[in-house]
Number of protein chains: 2
Amino acid sequence: MDAAVALERFRARLSRDGRRTTGQRDAIATVFFEAGRHLSLLDILDLAKRISPGVGFATVYRTMRMLADWGLASEHRFDGGQTLYEPIDADAHHDHLICVRCGRVVEYEEPEVEALQERVAARYGMRVVSHKHEIYGECLAGCRPPVGAPGLGD
Amino acid sequence: MDAAVALERFRARLSRDGRRTTGQRDAIATVFFEAGRHLSLLDILDLAKRISPGVGFATVYRTMRMLADWGLASEHRFDGGQTLYEPIDADAHHDHLICVRCGRVVEYEEPEVEALQERVAARYGMRVVSHKHEIYGECLAGCRPPVGAPGLGD
DNA sequence: CTCGTTGCAAACCTTTTGCAAGGAG
DNA sequence: CTCCTTGCAAAAGGTTTGCAACGAG
């Protein structure tokens, strides 16, 4: 739904910058904006291949880098291996709760934290550019260790 | 100062676990506990070599891993390359303010954040194991890009 | 046609690990 | 002596990049 909007924004920016719209980029941006969860480069590669079989890893890498640079995607490196990507919602900033057992990621908004950090930064003579608040914990219910491939919305 | 205490704690744990006290481990733990700033494995290797020239990277790696497992060191992966290590002060938990320009790391304590996150986690049915609150910003004064400054690069 | 884009494979960087020689207990 | 440790070098695991062929405009 506003995956479509995001995709359009991406295309617009491409042409505005004199860069080209290609099947690969469309495929990558599409699966990314429609996924509804945090994706690694390999996740995205997998999904994109279903639409555009020939896509290569490097293209996914470069496209996601571009999306991140343009403020359309954010990169997260939670504890553990790879970088995960997530569409940026211009309206609301959110942070993450990560289960250390099953890896589930839950998003939450907490305005108080945002306010608090402004005060902390000011106290140390700094201007806030961004922040990261990650709470690592354990699901009290419904926690199951990571089994096979991360369950995609398929 | 209580670098000595920490070192002793480390030695005690070693013998308690039937592991051996060696010159390398002492050198590594010593420079680490005395540094007073965040160190990368290479920083530690460098410093340790001044005391015990033959130390190898693998030993630093394994020793720091051990310290982290034993709760004597914490590992941080701020935005950018390598993992940085810092002694854990059992008394107080703190978080970090990181300058995106010069890489300076300032520590701060903010009890309110701690309290807040318990509430957030509970709201989503999770029990907090640990957390990370990193504020990225820009120094308003005294900020100089990383030049020959020891240690912190980007 | 032109010049941005792509896939492949190699380069990189940091973190891990296998192994035979070395050393603490 | 016995095993834990060590340093070396190679393996891993992920991210970046060089390059010649490709293809959008």
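Every chain is numbered from 1, with letters handed out A, B, ... down the list of sequences. These numbers were taken from a predicted model, which means no experiment stands behind them.
Remark: A:Arg13 CZ to A:Ser15 OG distance equals 10.5 Å, nearest 0.5 Å.
The CG atom of B:Asp17 sits 13 Å away from the C1' atom of D:dC4 (whole-angstrom rounding). Put simply, CG on A:Leu45 is 11 Å from C1' on C:dG7, counting in whole angstrom units. With rounding to whole Å, B:Asp43 atom CG is found 11 Å from C:dT15 atom P. Between the C1' atom of C:dT5 and the CZ atom of A:Phe10 lies a distance of 12 Å, rounded to the nearest Å. A:Arg25 has its CZ atom 8 Å from the C1' atom of C:dG4, to the nearest Å. Taking atom CE on A:Met66 and atom C1' on C:dG4, their separation rounds to 11 Å, with Å as the unit.
Between C:dG23 and B:Gln24, no contact under 4.0 Å exists linking OP1 or OP2 to a side-chain N or O.
Under the salt bridge (charged side-chain N to carboxylate O under 4.0 Å, His left out) criterion, A:Glu134 pairs with B:Lys132, not counting sequence neighbours. Residues that satisfy the salt bridge (charged side-chain N to carboxylate O under 4.0 Å, His left out) test with B:Glu8, not counting sequence neighbours, are B:Arg11. With sequence neighbours excluded, no residue forms a salt bridge (charged side-chain N to carboxylate O under 4.0 Å, His left out) with A:Arg20. Not a single salt bridge (charged side-chain N to carboxylate O under 4.0 Å, His left out) links B:Asp69 to another residue, sequence neighbours left out. Partners of B:Glu138 according to the side-chain hydrogen bond (donor to acceptor under 3.5 Å, both in side chains) rule, which considers only residues two or more places apart in sequence or in another chain, are A:Arg127.
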Item checked: Nucleic acid footprint by protein, nucleotides 14-24 of chain D - heavy-atom cut-off 4.0 Å, B for base, S for sugar-phosphate alone -> SBBBB----BB
